[in-house]
Amino acid sequence: MAIENRHIGRPVPRKEGREKVTGSARYVDDFTFPGMIHGVTVRSPMPRGRIREIRFAKNIPWHEFTIVSAKDIPGKNCVALLIEDQPCLADKFVNHREEPVILLAHPDKYLLEEARRAVQIDVEPSPAVFSIEDSLSKKQIIWGEDNIFKTYEVEKGEVDRAWAAADFIVEGEYATGAQEQLYIEPQGMIAQANPKNGVTVWGSLQCPYYVHKALARLFDLPKEKVRVVQTETGGGFGGKEEYPSMIAGHAALLAWKSGKAVKLIYDRAEDMAATTKRHPSRTRHRTGVTREGMLVAMEIDFTLDGGAYETLSPVVLSRGTIHAAGPYSCPNVRIRSRVVATNAPPHGAFRGFGAPQSVFALERHLDKVAATAGLSPDEFRRKNFIRAGETLAVGQVVQEKVQMEKLLDRALELSGYHQKRARFEKENPRSPIKRGIGFASFLHGAGFTGSGEEYLASEALVAATREGKVQVLAGSTEMGQGTNTVFAQIAADTLGLDLDQIEILRPDTSLVPNSGPTVASRTTMIVGKLVENAASAVKNSLVESGFLKSSFTPSDFGEACARYIDKFGPLQSLAKYQHPSHLHWDDNKYQGDAYGAYGWAVYVAEVAVDPRTAEVRVEDFVAVQEAGKVINPVLAAGQIEGGVAQGVGFALYENIVWQEGRMANGQMTNYIMPTSMDVPPIRVYFEEIPYERGPAGAKGIGELPLDGTAPAIANAIAHATGTDIREIPMTPEKLMDLLEGAHE
Amino acid sequence: MNESPRKVRVQCEINGKAYTLEAYPMTRLLDALREHAGLTGTKEGCGEGECGACSIEMDGALVNSCLIPLAQVEGAQIRTIEGVANAAQLSFVQQAFLANGGAQCGICTPGMILAAVNLLSRNPEPSESEIREGLAGNLCRCTGYTKIFASVVDACRLARQ
Amino acid sequence: MKSYIPHYRLETPRSLGEALQRLASEPGVWKPFAGGTDLMVLLEAGKLPQRRFLNVWNLPELRGIIATRTHVSLGALTTYSEIRRNAIVEQEFPLLSRAASETGSVATQNRGTIGGNIANASPAADTPPALLVYDAELELISAHGTRRVAFHGFWRGYKQLDLRNDELIARVHLPRGRQNWRQFYRKVGTRRAQAISKVCFAGAAQMDARRIADLRISLGSVAPVVLRATATENILRGLTPTPALVHAAQEALGREIAPIDDIRSTARYRLRVAQNLLAEFCESLAA
């Protein structure tokens with residue numbers, strides 16, 4: 001049946017917007033439960049070593065406190081995720097600074113802080129590892145047998161034989177730093193827990209069923225005895241993907257032991273010191289091209305620093321690996337990758353999830369390859385863009401109607417690229433300020449990789465009430481990106497209803513099905529499609545039962561619902577993910593259809609560099625992407641703009657100063673994210689080529705902007721200054737060194 | 001705990017209503033608002049005056065409530081996000097944030113709206129650079145600020161009409 | 001909140017006289033508390049050792065900007081916002097106006113005070129370089145009377161002040177008559193707002209055609225205190241800037257400052273930027 005888009009494609013206001021602009025939206029710290037007490041975490045003062053003794057100073061009335069250590073854990077002492085190597089509370093041995101060891105709870109928040117300071121964790125230090133190089137050298141083995149969490153090898157064609165066909169071989173090494181998600185709402189949880197009723201937590205989180213799984217394992221409880229409720233979540237960006245399982249466990253352990261509701265909220269300093277960051281990376285490229293500028297061989301070596309425990313590192317590595325060769329057609333590609341252990345707090349999910357690291361390296365490197373081949377950056381890419389029917393590095397034959405050249409044309413046109421490039425090159429020699437313009441072209445796979453979606457087997461439920469209200473029940477969380485609104489638009493248009501007839505239920509594992517985690521640009525495309533299917537089934541039930549004609553008013557719909565429910569009982573439909581039968585993935589060879597669909601994009605950055613201070617200012621930014629179908633243009637543009645701003649930080653400002661595995665600049669004063677004075681005008685444009693398996697044709701877009709922003713800026717700096725930018729964040733300190741090197 | 005703690009009683013007006021707040025003199029106004037007055041719309045993002053999530057108006061001036069000790073609040077007139085809308089009628093700034101995508105996750109929004117309201121009270125027709133400067137103390141990680149600038153511009157338009 | 005809040009006292013004297021009396025009768029016990037933009041941050045971080053504070057925020061004698069024939073005087077409690085809004089300051093002391101507008105954000109500018117900026121004695125403070133360039137004097141007040149000292153030298157070392165513990169900073173006096181000096185200010189702090197400076201440069205010069213008749217140069221964040229670069233000034237004073245002279249001045253500046261590596265920047269970067277900004281200042285004089 002034809003669906004009329006009355007809401008899809010329109011900038012309908014955010015579903016929960018009114019609560020947010022009036023301050024009535026309730027985040028975890030806004031809740032107070034009767035008899036609730038507060039919890040804190042006492043953490044390791046050392047990066048690695050054996051816990052000799054834990055001392056409790058005498059100035060604190062300890063009998064008033066609930067004190068939890070590893071021995072109080074009813075189930076397995078782990079934060080269950082992929083494997084179970086990370087303890088919920090360190091017992092006997094610590095593997096990173098800030099590792100949780102002891103938990104305390106008390107009604108008085110102020111006294112609780114005094115008590116936290118009065119617990120001394122005495123650690124006999126063991127040698128620790130703080131860099132990718134030191135981990136790879138294996139002088140100290142700190143994890144497993146070889147410090148390596150995971151490796152991948154991707155092979156396409158015959159790389160070793162291909163070099164002979166290359167006229168030029170270009171090598172380069174690139175690095176990216178850790179990046180803090182810096183959601184403005186710090187992490188926190190409230191828990192109620194006892195043997196009779198089980199464990200319930202409320203909190204700021206992206207993935208209710210991840211937390212659910214971790215709590216069931218930690219307390220050794222059956223699934224139905226664990227309940228996870230998402231409170232309004234003040235930003236996530238990946239930072240609230242895995243770490244909330246840790247905090248939920250801690251709050252629940254304190255609640256279990258004290259018999260009281262326990263609120264455990266991190267302050268900013270603790271959040272920055274203890275929670276996950278984007279994986280630092282090192283990438284080596286060796287690329288063969290012909291005189292004509294055709295790629296003949298790419299050899300890519302990609303390494304991530306995973307921190308002290310495995311957490312999600314293998315999955316981050318996977319995405320980084322698959323994206324490492326970009327949207328280009330090259331007959332011979334080898335990608336070898338690994339993620340290694342260091343004694344830093346575990347690195348984790350952050351928007352882009354490994355891809356921003358490898359895309360930065362590739363897009364910087366290709367500008368150099370182009371120059372070596374005597375081509376401009378755009379001419380070179382034009383020759384090598386992948387087209388429909390061609391094969392990506394992992395062997396996926398691209399089925400989408402890819403239009404990279406069109407995106408490039410549009411981005412260069414909108415940014416005035418060619419005129420500016422020429423003008424800057426003419427003016428720079430005489431100008432005190434050096435200007436440059438650069439771009440990056442890239443793709444980002446939406447949804448889980450390979451067989452991931454099949455394994456997740458996500459579900460979403462749509463139910464109608466007797467009054468004709470429709471509820472959407474999904475485990476997908478709203479954290480600012482627009483889940484509630486997009487689901488409401490999809491459900492409303494599928495059913496032919498008004499938006500206010502749609503209610504999106506707050507994710508609560510006792511009510512909503514498991515829709516998989518809210519990550520990987522999968523919510524709109526994968527779960528949104530389930531919502532569309534379920535809503536469509538509800539409508540079909542009404543039509544097939546004869547209660548609803550094909551054209552109807554909202555009141556007809558309500559009447560039909562009432563009659564259906566009176567006759568047949570509940571009116572609802574549970575949609576389950578069906579993996580497209582044409583998508584095949586081989587996990588052993590790491591080959592096949594990595595993603596059902598990709599977002600495709602070209603981003604252009606214009607910068608001004610002041611050589612006196614080596615400060616870089618991004619003066620203009622154009623982001624052109626193909627996203628299937630834009631469900632809500634305001635929300636979609638908001639995703640891109642926000643992601644570009646994070647990318648500006650990733651490229652220029654956001655530098656974590658590490659001292660012995662500890663973040664030394666863990667304050668918002670000293671970890672520099674962009675303010676309103678620092679972001680360029682961000683001009684966002686969409687192309688739409690509907691994806692038949694996305695709701696109304698939509699694909700995922702949330703992570704795209706993190707991939708292309710930093711390399712576009714880096715290429716622009718290189719253009720402005722003639723320096724070889726191989727590392728981000730390109731702080732003024734580093735750029736000053738490069739500029740001085742350039743003059744020597 | 002060698003020195004006996006002494007609480008103070010502070011009289012002030014919040015969103016046009018008289019309050020007596022009893023807490024320690026160095027209690028942050030932020031905590032007094034959230035925990036004593038029950039006004040949880042004001043948020044804590046950093047506790048060090050950097051992020052602006054706790055922005056409120058005190059005697060007409062925009063301040064970070066995490067940096068104001070309660071003892072300095074005696075006699076003050078305070079406006080929080082709960083006092084920006086007039087009964088059920090959203091202010092122009094709130095309407096504009098809603099219509100233009102100025103709020104995403106919403107955690108910076110109360111402070112951002114107070115900063116915008118305060119800016120427009122001083123300068124009803126700000127230029128883009130004045131908007132950028134007026135909001136520079138309010139960090140937003142979601143929007144890249146672009147839709148926030150558009151919201152403020154739109155609020156000016158609504159106010160003109 | 002890392003501090004134990006019940007430990008802290010903050011009392012509000014009813015008058016300046018009472019405040020001075022408390023400072024005099026219990027020397028060293030009480031510390032003044034004005035806008036709180038520095039002290040509350042330390043409190044949050046659990047790094048505020050002093051526990052008793054006198055709330056001076058509402059003392060009217062310490063407020064207001066007054067212009068006399070020879071001076072403009074700012075009460076110690078003058079906020080950055082008040083400095084920014086003041087037309088005389090903007091006209092005659094643009095570096096101070098600039099410094100105030102580049103400090104923090106609107107909310108911190110509404111609470112941060114010039115007296116607090118001086119008393120906090122951060123080497124990265126934004127207004128002191130301007131105050132040094134303008135030959136500011138401080139009026140200090142106690143129960144025993146007032147004294148007036150040059151701001152240059154008031155900071156004796158890192159967080160060391162020429163201020164008795166029974167004294168308050170009452171006013172900052174700026175001598176007038178520098179309108180015709182060429183003035184230059186640049187704060188380098190990674191981002192454009194909410195930044196702590198990595199290098200802050202303030203300079204002013206009285207030009208006689210192309211010759212520098214007289215000048216002042218001051219820098220923040222390159223030494224334990226905000227520094228007046230007198231040796232560098234002496235190289236340039238009385239001469240016409242040439243590339244060789246500027247180079248000599250840059251060398252002198254390199255010897256005069258003592259930048260360090262810290263979490264915000266590196267000594268090498270600070271040195272180079274300080275020298276480059278000196279060159280930019282000299283270029284601006286030729287323009």
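Chain letters run A, B, ... following the sequence lines, proteins first, then strands; residues in each count from 1. Values below: all heavy atoms of this structure, side chains included; hydrogens, waters and symmetry mates excluded. Fair warning: this is a prediction, and the values are worked out from it, not measured in the lab.
D610(A) touches chain C through its side chain: at least one heavy atom from C-beta onward sits under 4.5 Å away, while N, CA, C and O do not. For N670(A), the part lying near chain C is the side chain, with the backbone staying farther off; criterion is any non-hydrogen pair under 4.5 Å. Proximity to chain A (any heavy atom under 4.5 Å) is shown, for R270(C), by neither the backbone nor the side chain. Residue M668(A) touches chain C through its backbone alone, counting heavy-atom pairs closer than 4.5 Å.
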| task | I would like to know whether L738(A) and M730(A) meet side-chain contact (heavy atoms from CB on, under 4.5 Å); could you show each step before the answer? | result | CA-CA 10 Å; L738(A) 288 180; M730(A) 185 42 57; 3.9 Å; yes
With side-chain contact (heavy atoms from CB on, under 4.5 Å) as the criterion, how do F130(A) and Q659(A) come out once you've worked through the C-alpha distance, each side chain's angles and the decisive distance to 0.1 Å?
CA-CA 9 Å; F130(A) 300 117; Q659(A) 289 172 353; over 6 Å; no
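If you tally non-hydrogen atom pairs under 4.5 Å between each of T613(A), N665(A), T731(A) and chain C, the highest count goes to T613(A). If you tally non-hydrogen atom pairs under 4.5 Å between each of T669(A), I672(A), V657(A) and chain C, the highest count goes to I672(A). Of the residues considered (Q667(A), M677(A), R617(A)), R617(A) shows the highest number of contacts with chain C, using heavy-atom pairs under 4.5 Å. Chain A forms the most heavy-atom pairs under 4.5 Å with one residue out of A45(C), S3(C), G46(C), A193(C), and that residue is A193(C). Contact tally against chain A (heavy-atom pairs below 4.5 Å) for D262(C), I5(C), T266(C): the top residue is I5(C).
Cation-pi check for R111(C) over W57(C) is met; the charged atom lies under 6.0 angstrom from the ring centroid and within 45 degrees of its normal. In this structure, R278(A) forms a cation-pi arrangement with F650(A), its terminal cationic atom sitting closer than 6.0 Å to the ring centre and no more than 45° off the ring axis.
For the side chain to side chain contact (heavy atoms under 4.5 Å, CB included) test with T127(C), the passing option among L96(C), T113(C), L132(C), V226(C) is L96(C); the others fail. Considering E256(C), Q275(C), E251(C), Q250(C) in turn, E256(C) is the only one that fulfils the side-chain hydrogen bond (donor to acceptor under 3.5 Å, both in side chains) rule with T232(C).
The 12-atom threshold is exceeded at CZ of R612(A), counting heavy atoms of other residues, nucleotides or ligands nearer than 6.0 Å.
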